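Have a look at the structure below before the remarks.
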2 protein chains.
Amino acid sequence: MRMTSKIEAFVMHCGEMGSRWGFNRTIGQMVGLLVINESPLTANDISETLNISRGNVSMGIKELQSWRLIKTHHIPGDRKDYYAPDGSIWDLATRVFEERRKREMDPTLSLLRTVMLEEPANQQEQFAQEKMFEIHELLETVTVWANELQTMKPDNLKTLMKLGAGVGKVLDMKDKILNNKVAK
Amino acid sequence: MRMTSKIEAFVMHCGEMGSRWGFNRTIGQMVGLLVINESPLTANDISETLNISRGNVSMGIKELQSWRLIKTHHIPGDRKDYYAPDGSIWDLATRVFEERRKREMDPTLSLLRTVMLEEPANQQEQFAQEKMFEIHELLETVTVWANELQTMKPDNLKTLMKLGAGVGKVLDMKDKILNNKVAK
DNA sequence: TAGAGTGTTCAGTAATTTCTGAAACCTTAA
DNA sequence: TTAAGGTTTCAGAAATTACTGAACACTCTA
């Protein structure tokens with residue numbers, strides 16, 4: 001399956017960005033390829049198009065499934081597995097955020113909780129534990145926010161954004177509402 | 001400089017998470033160490049405490065400076081450079097977000113803009129470019145939101161969160177305000 | 001029950017990233 | 001001008017991560 005130059009540029013870019021997005025080059029390319037292709041692809045299509053071994057594709061698919069980014073599709077009378085992105089671009093991005101949050105923040109939250117339980121043994125530890133408390137608070141706040149944003153539908157998000165200056169504006173709104181209540 | 005076991009646990013954890021946060025093990029440890037230490041440290045302190053070479057520390061510092069996470073401090077009559085976190089935990093987190101956004105999204109936005117300018121040559125490219133448009137839109141939306149959140153002070157953020165169910169609630173508020181306007 | 005078509009695993013190899021340590025470099029003080 | 005005390009650089013070594021390909025496994029169908 002030959003890629004046109006525009007498509008190739010996109011897929012290769014996904015490869016280069018792969019590791020920054022949390023996976024590796026090959027897996028980045030695989031996501032890119034599956035996303036810009038209108039129809040599902042077989043493992044062999046992927047292997048040939050990207051010039052990577054069949055085994056590597058198999059491992060990549062497993063990884064992408066663990067990120068919940070692709071789904072398997074079957075064609076009657078055909079024993080091959082066909083793969084396609086599992087949902088819209090927004091859905092995929094949401095899953096990546098979620099998965100990264102799990103991998104980047106949850107383990108730290110857990111460690112901090114454990115360490116903070118113990119009594120500080122000296123001044124140095126006292127300070128350290130205060131810092132850990134701050135970090136814990138930050139991570140929890142971000143987690144809650146991320147959850148909220150994730151559960152919003154793209155349409156809602158866009159609506160909210162068009163409101164004007166974005167979140168800043170929201171604080172003004174809060175004041176208006178509170179004032180209304182007081183006025184009543 | 002000996003670390004107590006709690007502090008060591010924290011610093012080593014930062015090392016393990018380092019690569020997930022966008023740097024590498026050593027640099028993760030360095031951030032951890034600098035953050036939980038009340039007073040600034042010299043490159044030698046870091047080298048000895050973490051058991052890594054002096055050269056490695058020097059490279060790590062350069063990297064942390066490029067992330068704008070640490071600042072240099074001087075003591076009169078002492079030629080050594082002392083390093084400390086540049087700002088509060090929130091400040092640091094904000095910088096990491098910002099820097100990651102630059103590295104993870106900006107290059108893709110730029111590529112997409114370039115590719116989307118060209119006319120699709122066939123049906124396959126037509127579809128591909130539509131997808132690219134969706135991705136572009138998503139990234140721009142996220143960028144704007146991230147900017148908004150970043151410019152908010154922690155206090156504001158916390159206030160907003162205490163409002164109730166978070167962002168979901170905000171949409172209700174929007175409706176209330178709009179209704180008010182209509183009522184008038 | 002054999003064998004064709006497909007998917008998975010994993011030991012070994014290749015590629016990439018990180019780290020070391022010695023040399024070069026800078027600045028200040030004598 | 002030299003030397004001391006400090007930092008930076010970078011070639012090569014070490015560690016880590018990713019990839020290949022052959023062997024194995026599974027499932028039909030004849």
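Just so it is clear, the values below take in all heavy atoms, side chains as well, and ignore hydrogens, waters and symmetry mates. If you're wondering where the values come from, they're calculated on a predicted model, not measured in any experiment. Here is the naming used below: chain letters follow the sequence lines, and residue numbers restart at 1 for every chain.
Distances shown here put every side-chain N or O of A:R54 at or beyond 4.0 Å from the OP1 or OP2 atom of D:dT20. For B:N24 and C:dC19, the shortest distance from a side-chain N or O to OP1 or OP2 is below 4.0 Å. Between B:K62 and the phosphate of D:dT9, there is a side-chain N or O to OP1/OP2 separation shorter than 4.0 Å. Phosphate contact (OP1/OP2 of C:dT17, side-chain N/O of B:R25, threshold under 4.0 Å): absent.
Comparing atom distances between the A:A43 side chain and each of D:dT20, C:dT20, C:dG7 picks out C:dG7 as nearest. Of the candidates C:dC19, D:dC19, C:dG7, D:dC19 carries the atom nearest the A:T26 side chain, counting heavy atoms from C-beta on. The side chain of A:S58 sits closest to C:dT9 out of C:dT9, D:dT8, C:dG21.
Remark: the B:E125 side chain and the B:Q129 side chain contain no N/O donor-acceptor pair separated by less than 3.5 Å.
When heavy atoms are screened at a 4.0 angstrom cut-off, B:I61 is found touching no nucleic acid atom at all. When heavy atoms are screened at a 4.0 angstrom cut-off, B:N44 is found touching no nucleic acid atom at all.
Environment of CZ in A:R100: crowded, with over 12 heavy atoms of neighbouring residues, nucleotides or ligands closer than 6.0 Å.
Take the nearest nucleotide of DNA chain C for A:M59 and for A:Y82: the residue whose nucleotide is more 5' is A:Y82. Closest-nucleotide positions on DNA chain C for A:D78 and A:G55 were compared, and the one nearer the 5' end corresponds to A:D78.
Put simply, CD1 on A:I27 is 16 Å from C1' on C:dT16, counting in whole angstrom units. Separating the CD1 atom of B:I52 from the P atom of D:dT8 is a distance of 14 Å, rounded to the nearest angstrom. Separating the CD1 atom of B:I46 from the P atom of C:dT20 is a distance of 14 Å, rounded to the nearest angstrom. Taking atom CG on A:L64 and atom P on D:dA18, their separation rounds to 13 Å, with Å as the unit. We find that CG of A:N51 is positioned 16 Å from C1' of D:dA18, with the value rounded to whole Å. Between A:E48 atom CD and C:dT6 atom C1' the separation is 14 Å, expressed in whole Å. For the pair B:N56 CG and C:dA22 P, the interatomic distance rounds to 15 Å; values are reported in whole Å. To the nearest angstrom, P of C:dT18 lies 16 Å from CG of B:L50.
Here the OG atom belonging to A:S58 is positioned 12.0 Å from the CD atom belonging to A:E63, to the nearest 0.5 angstrom.
Between A:E99 and A:K102, at least one side-chain N (NZ, or NE/NH1/NH2) sits under 4.0 Å from a carboxylate O, which counts as a salt bridge. A salt bridge links B:E134 to B:K131: at least one charged side-chain nitrogen sits closer than 4.0 Å to a carboxylate oxygen.
No donor-acceptor contact under 3.5 Å links the side chain of B:R79 to the base of D:dG6.
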